[in-house]
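Residue indices begin at 1 and follow the sequence shown.
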Amino acid sequence: MNNLLLPLLLLVVVAVPLVLGTRKQKKQQAAQQDLQKSIAPGDRVMTTSGLYGTVADASGDDTIDIEIAPGVVTTWLRIAVREKVQPAVETDETEVGAEDTADETVGGVASTTAEAPAQESIADDGEKSGAQIAPPLEHGKK
């Protein structure tokens, strides 16, 4: 009896995690298939490569069209969709604007944050800040 106990114990130790792992994998595959079947135009999705876009057309069996920028539509395989994502919630600028006009006291001097845009426009009159384009590389010249 003791001779059979060790091999039986080893079999249980190896078989139980294997069975539990396959069950979890089957559940994940079923959830992924349900997601791919439920894709409809207007859904915001992320592909397996990390590209975010809005589904423009989902009438094909194997492919969908995803709008990645206004007017730019690309065709993808359905299996490339990793997940549906919620659209970003935009803040209402009127609420933010009301908070920006509040008076602040800095060093005993009252100032309003409404003066800040005037200071930014002074900086804009000079040289433009931002991304600059590097000159092209010159290969083979000595």
Side-chain angles (χ1 to χ4, degrees), residues 3-142:
N3 293 340
L4 295 175
L5 186 62
L6 184 61
L8 184 62
L9 184 62
L10 287 173
L11 181 66
V12 169
V13 168
V14 171
V16 169
L18 186 64
V19 170
L20 293 177
T22 57
R23 287 183 64 216
K24 183 178 178 183
Q25 187 176 11
K26 284 183 182 179
K27 286 181 184 178
Q28 288 176 344
Q29 286 178 346
Q32 188 70 18
Q33 287 177 351
D34 290 342
L35 168 78
Q36 291 168 0
K37 289 177 185 176
S38 70
I39 294 173
D43 289 343
R44 184 112 171 106
V45 295
M46 181 179 79
T47 64
T48 54
S49 60
L51 182 74
Y52 289 89
T54 304
V55 177
D57 181 30
S59 60
D61 291 336
D62 295 332
T63 61
I64 59 171
D65 292 337
I66 299 177
E67 184 176 20
I68 56 175
V72 180
V73 178
T74 57
T75 302
W76 291 77
L77 291 174
R78 277 188 184 265
I79 59 174
V81 174
R82 180 177 179 186
E83 64 186 63
K84 285 185 184 180
V85 293
Q86 299 298 323
V89 178
E90 297 180 14
T91 59
D92 189 13
E93 291 186 18
T94 57
E95 294 174 9
V96 174
E99 294 171 1
D100 287 343
T101 58
D103 290 339
E104 294 180 0
T105 304
V106 179
V109 178
S111 66
T112 61
T113 56
E115 295 173 2
Q119 293 172 352
E120 290 176 4
S121 64
I122 294 170
D124 291 341
D125 292 339
E127 187 176 326
K128 289 186 178 181
S129 62
Q132 296 179 359
I133 299 174
L137 297 175
E138 298 177 10
H139 296 286
K141 287 189 177 181
K142 289 188 178 184

Quiz prompt | side-chain hydrogen bond (donor to acceptor under 3.5 Å, both in side chains) against T48, all qualifying residues, sequence neighbours excluded | solution = none

Considering only distance and modelled atom types, tabulate donor-acceptor pairs under 3.5 Å from the side chains of residues 60-67, sequence neighbours left out.
unit_1 : atom_1 : unit_2 : atom_2 : d
D65    : OD1    : T75    : OG1    : 2.9
E67    : OE2    : G71    : N      : 3.0

Quiz prompt | Residues forming a side-chain hydrogen bond (donor to acceptor under 3.5 Å, both in side chains) with S59, sequence neighbours excluded | solution = D57

Self-check item: Contact summary for P41 and A56, nearest pair of heavy atoms
Solution: CB-O, 3.8 Å

Quiz item: How close do T54 and R44 get, heavy atom to heavy atom, and via which atoms?
Solution: OG1-NH1, 3.8 Å

Quiz item: Among all residues two or more places apart in sequence or in another chain, which pass the side chain to side chain contact (heavy atoms under 4.5 Å, CB included) test with V16?
Solution: V12, L20

Quiz item: salt bridge (Lys or Arg N to Asp or Glu O under 4.0 Å): which pairs involve residues 18-35, sequence neighbours left out?
Solution: none

Quiz item: Could you give the distance from CG (L11) to CG (L4), rounded to the nearest 0.5 Å?
Solution: 12.0 Å

Self-check item: Residue pairs fulfilling salt bridge (Lys or Arg N to Asp or Glu O under 4.0 Å) with at least one residue in residues 73-85, sequence neighbours excluded
Solution: D43-K84

Exercise. Verify side chain to side chain contact (heavy atoms under 4.5 Å, CB included) between Y52 and V85, making sure each step is shown before the conclusion.
Key: CA-CA 9 Å; Y52 289 89; V85 293; 3.8 Å; yes

Exercise. Not counting sequence neighbours, which residues clear side chain to side chain contact (heavy atoms under 4.5 Å, CB included) with L51? List them please.
Key: T47, S49, I68, W76

